[in-house]
K.L.:
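This structure is in structure tokens; I'll ask about it shortly.
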Amino acid sequence: SFRELFHRRYDVNSEEFNRRHLYFQDTMKRHKYLNSFSAAPHSAKYGINQFSDLSQKEFRELYLRASTARAPSFSGLKTEG
Amino acid sequence: LPARFDWRDKAVVSPVQNQQACGSCWAFSVVGAMQSVHAIEGSTLERLSVQQVLDCSYKNEGCNGGSTLQALDWLKQTRVKLVLESEYSYKAKTGICHYFSQSHGGVALKNFTAHDFGGQEKAMMGQLVECGPLVALVDAVSWQDYLGGIIQHHCSSHWSNHAVLVVGYDTTGDIPYWIVQNSWGTSWGNEGYVYIKIGDSVCGIADSVAAVFL
């Protein structure tokens, strides 16, 4: 149902399916840990989405590509005027 | 400051985009801020070209990644006018820079500020209200699994790796939070948005924040 929902084309008999299935299982374990902090009513919830069959490395390499840039500390609001 | 403020209520925030399999978050956040400030100043809200920034901001690496501050610096130094999305559409691939004549219409950046608002998120709220949506860098590692709600844990500050657009905040409930537009499509998070607790620079949301001036 994940493949159907997110339009994945890899075949169940393919090597890619096996790899993605492992990543998916890792993801499920991660959700359990992440949600263990989410008891409060408005807390973030973690679960299956379009990134659930990616390894964490793949996710970082594809989507987390902003370079860190140090900015000077905000020096406070001007009081004049 | 108002207890709740959201630039979307003033119809000056473009719909959520999807960067697809391209590391272009840095370009989406910068262009998103420029679009909004252009609309705040009285123009029609129009989508500007992310692909132009991706292809032409030469110190950055297109789909392989980039820096929001480098992109803003490039826009300021060159006074390049960003053309409409319809004139230079998004391909999710780095391409050759297309040049437009000086007489061609577009939106140019006059200036920008960049600050670390760590420990001063109230001042950041002030800047959001005063200047328009803000470009921010965050640690988004745990966002791979995010479905919705207010992020309060599993996010470090000082380890940013993703660029987003802060469009509002809400302090009326038990947990005050930032309203942040992401560029991973509307099926991710809260219809493309993520909420981050205000205070302690959760996910590094206040560590590197830029405001644009047109």
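Reminder, nothing fancy here: chain letters follow the sequence lines and each chain counts from 1.
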K.L.:
If we ignore angles and hydrogens, is there a donor and acceptor under 3.5 Å between the side chains of B:Q70 and A:S67?
P.N.:
no
K.L.:
Hey, does B:W143 have a side-chain heavy atom less than 4.5 Å from the side chain of A:N49?
P.N.:
no
K.L.:
Step through the shown structure and confirm whether more than 12 heavy atoms of other residues, nucleotides or ligands are within 6.0 Å of CG on A:D11.
P.N.:
yes
K.L.:
Go through the atoms of B:H154 and report whether side chain, backbone, both or neither lie under 4.5 Å from a heavy atom of chain A.
P.N.:
side chain
K.L.:
Got a second to check how far B:C22's SG is from A:L62's CG, nearest 0.5 Å?
P.N.:
9.5 Å
K.L.:
Give a yes or no on whether B:E41 atom CD has more than 12 heavy-atom contacts from other residues, nucleotides or ligands under 6.0 Å away.
P.N.:
yes
K.L.:
Chain A contacts: which residues in residues 192-214 of chain B have a non-hydrogen atom closer than 4.5 Å to it?
P.N.:
B:D207, B:S208
K.L.:
Below 4.5 Å from any heavy atom of chain B, which atoms of A:E61 appear? Answer side chain, backbone, both or neither.
P.N.:
neither
K.L.:
With a 4.5 angstrom heavy-atom cut-off, which part of A:L54 approaches chain B: side chain, backbone, both or neither?
P.N.:
both
K.L.:
Atom OG1 of A:T68 and atom CH2 of B:W159: how far apart are they, to the nearest 0.5 Å?
P.N.:
8.5 Å
K.L.:
Is it the backbone or the side chain of B:I151 that comes under 4.5 Å from a heavy atom of chain A, or both, or neither?
P.N.:
both
K.L.:
Under 4.5 Å heavy-atom distance to chain B, tell me which part of A:H42 shows up: side chain, backbone, both or neither.
P.N.:
both
K.L.:
From B:D116 CG over to A:F74 CZ, what is the distance, rounded to the nearest 0.5 angstrom?
P.N.:
11.0 Å
K.L.:
Surrounding CZ of B:R79 (heavy atoms of other residues, nucleotides or ligands, distance under 6.0 Å), is the total greater than 12?
P.N.:
yes
K.L.:
Would you indicate whether B:K110, at its atom NZ, is surrounded by more than 12 heavy atoms from other residues, nucleotides or ligands within a distance under 6.0 Å?
P.N.:
no
K.L.:
Is B:Y58 atom OH crowded by more than 12 heavy atoms from other residues, nucleotides or ligands, each under 6.0 Å away?
P.N.:
no
K.L.:
Test side-chain contact (heavy atoms from CB on, under 4.5 Å) on B:D145 and A:T27 and set out the steps.
P.N.:
CA-CA 8 Å; B:D145 306 298; A:T27 300; 3.4 Å; yes
K.L.:
Of B:Q19, B:Q144, B:H162, which meets side chain to side chain contact (heavy atoms under 4.5 Å, CB included) against A:Y63?
P.N.:
B:Q19
K.L.:
Which residue out of B:A114, B:G65, B:G66, B:S29 racks up the most heavy-atom pairs below 4.5 Å with chain A?
P.N.:
B:G66
K.L.:
Taking the side chain as C-beta and beyond, is there a heavy-atom pair between B:N161 and A:R60 under 4.5 Å?
P.N.:
no
K.L.:
Quick one: of B:N60, B:L69, B:N64, who has the most non-hydrogen atom pairs under 4.5 Å with chain A?
P.N.:
B:N64
K.L.:
Side-chain contact, heavy-atom cut-off 4.5 Å: A:R30 with B:S142?
P.N.:
no
K.L.:
Go through the steps for B:Q152 and A:S43 under the test side-chain contact (heavy atoms from CB on, under 4.5 Å), then give the verdict.
P.N.:
CA-CA 7 Å; B:Q152 301 164 64; A:S43 283; 3.3 Å; yes
K.L.:
Give me the contact list for residues 177-188 of chain B versus chain A, heavy atoms only, anything under 4.5 Å, ordered by residue number.
P.N.:
B:W184, B:S187, B:W188
